Amino acid sequence: DSRSQKAAFRAVHGAPATSACFSPVNNLLLATGGLDGHIHFFDVVEKRLVKSIKAGGPITAVHFLDDGSTIAAGRSDGVVELFDLRRRGSSPLLTLDAHKPEPVRALLFQHKSSTKQGKTPSKTPGRKAVSRSSTEALQAVAHGDSPQVAINPSPATVSTF
């Protein structure tokens with residue numbers, strides 16, 4: 001039954017958990033971000049905490065890149081941090097002042113869809129098509145006005161909503 005509780009992780013965050021997402025490559029790995037500034041990773045079958053990362057401030061949004069080893073964390077102060085789970089420690093790969101002072105409410109990594117000729121799809125309102133690395137794409141949105149960010153890792157399509 002999909003409505004029955006499968007696992008519960010209580011008293012892990014020191015403040016409310018504000019965001020959660022499953023790994024795109026391991027549907028047993030759940031990531032949660034909280035106002036305590038931590039990102040916790042849980043094995044939902046074994047019902048145990050497997051890793052924790054201390055971010056630079058209260059977390060309001062988390063999202064995995066499709067590789068399953070990179071996660072973005074949006075903070076309440078408008079900063080976005082990118083972490084590689086394969087690395088030891090909790091130093092971010094990248095930290096951007098994306099939407100200061102507004103909180104980041106959502107993050108999404110998007111992959112550019114290809115056409116038969118391999119051309120970039122036509123632009124749609126509110127979207128900026130660019131050809132950059134994910135780092136450059138994150139830096140490009142750091143100057144936007146939107147609290148929501150969508151990132152295509154390679155090549156990049158940056159969407160602000």
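Being a predicted model, the structure only gives us computed values, none of them experimental. Each residue takes its place number in the sequence, starting with 1.
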Worksheet item: Looking at Asp36 and Ala15, what are the two nearest heavy atoms and their distance?
Response: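 The pair with the smallest heavy-atom distance is N-CB, 3.6 Å.
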Practice prompt. Give the minimum heavy-atom separation between Val104 and Ala61, together with the two atoms involved.
Written response: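 Looks like O-CB, 4.0 Å.
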Worksheet item: With Phe64, which residues qualify under ring pair (Phe, Tyr, Trp, His ring centres under 6.0 Å), at least two apart?
Response: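 Testing Phe64 for ring pair (Phe, Tyr, Trp, His ring centres under 6.0 Å), a comparison that skips the adjacent residues, returns none.
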Practice prompt. Could you tell me which residues satisfy ring pair (Phe, Tyr, Trp, His ring centres under 6.0 Å) with Phe41, sequence neighbours excluded, listed by chain and number?
Written response: none
Sub-3.5 Å donor-acceptor pair from the side chain of [X] to the main-chain atoms of [Y], do we have one?
{"X": "Ser23", "Y": "Leu29", "value": "no"}
{"X": "Glu81", "Y": "Gly56", "value": "yes"}
{"X": "Thr32", "Y": "Ala17", "value": "no"}

Worksheet item: With the 4.5 Å side-chain cut-off for hydrophobic clustering, are Val25 and Leu30 part of the same group?
Response: no
Worksheet item: With the 4.5 Å side-chain cut-off for hydrophobic clustering, are Val50 and Ile53 part of the same group?
Response: yes
Discussion item. Using the side chain to side chain contact (heavy atoms under 4.5 Å, CB included) criterion, which residues pair with Arg88? Sequence neighbours excluded.
Written reply: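 Result, side chain to side chain contact (heavy atoms under 4.5 Å, CB included) vs Arg88: none returned.
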Item to complete: Under the side chain to side chain contact (heavy atoms under 4.5 Å, CB included) rule, collect the residues that match up with Asp84, sequence neighbours excluded.
Response: Ser69, Arg86, Arg87, Leu93
Practice prompt. Please collect all ring-ring contact (aromatic ring centres under 6.0 Å, His included) contacts where either partner lies in residues 20-40, sequence neighbours excluded, each pair once.
Written response: His13-His40, His38-His40
Euclidean distance, [Y] [atom2] relative to [X] [atom1], rounded to 0.5 Å:
{"X": "Glu102", "Y": "Ser76", "atom1": "CD", "atom2": "OG", "result": "11.0 Å"}
{"X": "Leu28", "Y": "Asp43", "atom1": "CG", "atom2": "CG", "result": "6.0 Å"}
{"X": "Phe42", "Y": "Lys47", "atom1": "CZ", "atom2": "NZ", "result": "13.5 Å"}

Item to complete: Pick out which of Ile39, Thr70, Leu94, Val62 makes a side-chain contact (heavy atoms from CB on, under 4.5 Å) with Phe83.
Response: Ile39
Worksheet item: Does NZ in Lys54 sit with more than 12 non-hydrogen atoms of other residues, nucleotides or ligands closer than 6.0 Å?
Response: yes
Fill in: From CA spacing to verdict: side chain to side chain contact (heavy atoms under 4.5 Å, CB included), Leu96, Val79
CA-CA 6 Å; Leu96 295 169; Val79 172; 5.9 Å; no
Item to complete: Would you check, one step at a time, whether the test side chain to side chain contact (heavy atoms under 4.5 Å, CB included) holds for Ile59 with Arg75?
Response: CA-CA 4 Å; Ile59 303 297; Arg75 297 187 344 209; 4.0 Å; yes
Practice prompt. Run the numbers on Leu82 and Thr95 for side chain to side chain contact (heavy atoms under 4.5 Å, CB included), then give the verdict.
Written response: CA-CA 7 Å; Leu82 199 63; Thr95 301; over 6 Å; no
Practice prompt. Determine whether Leu85 and Lys51 make a side-chain contact, defined as any pair of heavy atoms from C-beta on separated by less than 4.5 Å.
Written response: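 Result yes, sub-4.5 Å side-chain heavy-atom pair found.
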Worksheet entry | Counterpart residues, salt bridge (Lys or Arg N to Asp or Glu O under 4.0 Å), relative to Lys100 (two or more places apart) |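 Partners of Lys100 by the salt bridge (Lys or Arg N to Asp or Glu O under 4.0 Å) criterion, ordered by chain and then number, come out as Asp97.
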